[in-house]
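Structure, as structure tokens:
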Amino acid sequence: MASSLQIPFCIPTCSSSRKSRTFSTSYSINARSKAKIPIPPINPRDPFLSRLASVAVNSPETLLNRPANNSDSLPYLDIFDEPKLMATPAQVERSVSYNEHRPKKPPPDLPSLLLHGRIVYIGMPLVPAVTELIVAELMYLQWMDPKQPIYIYINSTGTTRDDGETVGMESEGFAIYDAMMQLKNEIHTVAVGAAIGQACLLLAAGTKGNRFMMPHAKAMIQQPRVPSSGLMPASDVLIRAKEVITNRDTLVKLLSKHTGNSVEAVSNLMRRPYYMDSTTAKEFGVIDKVLWRGQEKIMADVASPEDWDKNAGVKVVDEL
């Protein structure tokens, strides 16, 4: 590379007594001079610079013997058939400072990241695709470590949509429940948002003492619904109705088992949709604790029932 670059250009000047004239001046820029002019980074894929360098190598007289340019257009554009001052976005190379912090491969999807933390998130109605994924994740986490707990976060309307329309069979919820019961791990269940129908059963099926609910979450138990049967004959509708009643009885027995209530009490409440906030769900036995920030410190300062009786002057007499 030459130590200096000769760039000819024209400077128009005018005088009050003479007509305007142009003169050509040649400047020499010394690359080794102390006062260096900062040069912006050059993209080698820029078609403008590539074409200009090709002309300078093959026919330098085209650049040296330039006529005076009195127009408003930029210089050297006439050597292009279709001038392009900038490269297309696909041709622009990103700087090293941008790429050095980017991952070398695409990150995994969000469920995979949660699975790495032993978290299973149920955030959709219980349709076959959701059931398949949840059961597979539970089996995988037990295979990875049968001693570490598994955390199931639930925000699901069960086998129905929020408007009550049936989207899945009751067997979808029973499949996840059976998979939970077969695991050797402790299962911590947390309700966020809503746990309705079969999702409420999954919430109550967690390990005793590790069933939680967010302060503003809702739980609801209801009877299973008969799917749409407009094209079925009467005999098939009767068979489907008997199956729904069987699923209802099974759901009542399981809820009674995990909540500690009698079958009659659960059955009476399920005649109509029964909504529970976090406090009511705790009293009913669906959960064990309500999660909210700072509760550990506050509950640690609460006196025990014996201390309350002692400070109140109440004497407890043991039964004979």
Side-chain angles (χ1 to χ4, degrees), residues 109-115 117-141 149-183 185 187-207 210-228 244 247-248 250-252 254-255 257-259 266 269-270 272-278 280-282 284-291:
D109 56 303
L110 185 56
S112 299
L113 293 176
L114 295 177
L115 191 65
R118 304 189 64 82
I119 296 175
V120 177
Y121 179 59
I122 305 176
M124 296 180 63
L126 302 181
V127 295
V130 175
T131 302
E132 177 185 1
L133 177 63
I134 299 304
V135 173
E137 289 181 341
L138 294 175
M139 296 171 61
Y140 172 78
L141 291 176
I150 298 174
Y151 304 90
I152 301 180
Y153 286 76
I154 301 173
N155 181 21
S156 174
T157 56
T159 56
T160 61
R161 296 192 311 190
D162 52 356
D163 58 357
E165 182 180 353
T166 302
V167 294
M169 299 180 63
E170 298 298 317
S171 58
E172 306 297 338
F174 292 145
I176 300 177
Y177 172 83
D178 291 339
M180 294 171 59
M181 295 298 101
Q182 295 298 322
L183 298 179
N185 311 72
I187 299 179
H188 298 202
T189 55
V190 183
V192 289
I196 298 175
Q198 292 279 356
C200 186
L201 171 63
L202 301 181
L203 173 63
T207 305
N210 296 297
R211 303 173 300 176
F212 309 96
M213 180 180 285
M214 294 297 181
H216 302 97
K218 294 289 184 181
M220 190 264 277
I221 55 177
Q222 63 180 355
Q223 297 189 46
R225 298 178 181 271
V226 180
S228 177
V244 171
N247 291 334
R248 181 202 62 185
T250 303
L251 181 60
V252 169
L254 294 177
L255 285 173
K257 171 185 175 181
H258 292 285
T259 61
V266 176
L269 290 175
M270 282 184 56
R272 302 297 297 170
Y274 181 66
Y275 287 88
M276 297 173 283
D277 58 11
S278 56
T280 308
K282 182 178 179 181
F284 189 70
V286 176
I287 63 170
D288 303 304
K289 294 181 182 179
V290 180
L291 291 180

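One-based numbering along the sequence shown. Values in this document were obtained by computation on a predicted structure and should not be read as measured data.
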Worksheet entry | Exceeds 12 heavy-atom contacts within 6.0 angstrom, atom CE of Met220 |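 Yes, because the 6.0 Å sphere around CE of Met220 holds more than 12 heavy atoms from other groups.
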Practice prompt. Count the heavy atoms belonging to other residues, nucleotides or ligands that lie under 6.0 Å from CE of Met270, then report whether that count exceeds 12.
Written response: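 More than 12 within 6.0 Å, yes.
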Point-to-point distance, once rounded to the nearest 0.5 Å, from [atom1] of [X] to [atom2] of [Y]:
X      : Y      : atom1 : atom2 : value
Arg225 : Arg248 : CZ    : CZ    : 14.0 Å
Met276 : Lys282 : CE    : NZ    : 15.0 Å
Ile134 : Leu126 : CD1   : CG    : 8.5 Å
His258 : Cys200 : NE2   : SG    : 11.5 Å
Arg211 : Thr259 : CZ    : OG1   : 8.0 Å
Leu255 : Gln198 : CG    : CD    : 8.5 Å

Considering non-hydrogen atoms only, spot the tightest contact between [X] and [Y] and give its length.
X      : Y      : result
Asn247 : Pro224 : C-CG, 4.3 Å
Pro111 : Glu137 : CB-OE2, 4.4 Å
Ser278 : Met214 : CB-O, 3.7 Å
Ala199 : Ser156 : CB-O, 3.6 Å
Ile154 : Ala195 : CG2-CB, 4.2 Å
Asn155 : Gly193 : OD1-CA, 3.5 Å

Worksheet item: Hey, what's the ring geometry for His188 with Phe212, parallel, tilted or perpendicular (30° and 60° as the breaks)?
Response: tilted
With a 4.5 Å heavy-atom cut-off, do [X] and [Y] have their side chains touching?
X      : Y      : answer
Ile152 : Leu138 : yes
Thr160 : Gln222 : yes
Asp288 : Asn210 : no
Glu172 : Ile176 : no
Leu202 : Thr189 : no
Tyr151 : Leu141 : no
Phe284 : Leu269 : yes

Practice prompt. Under the side-chain contact (heavy atoms from CB on, under 4.5 Å) rule, what do Arg118 and Asn185 come out as? Steps first, then yes or no, please.
Written response: CA-CA 11 Å; Arg118 304 189 64 82; Asn185 311 72; 3.3 Å; yes
Practice prompt. Would you please say whether a donor-acceptor pair under 3.5 Å links the side chains of Asp277 and Thr280?
Written response: yes
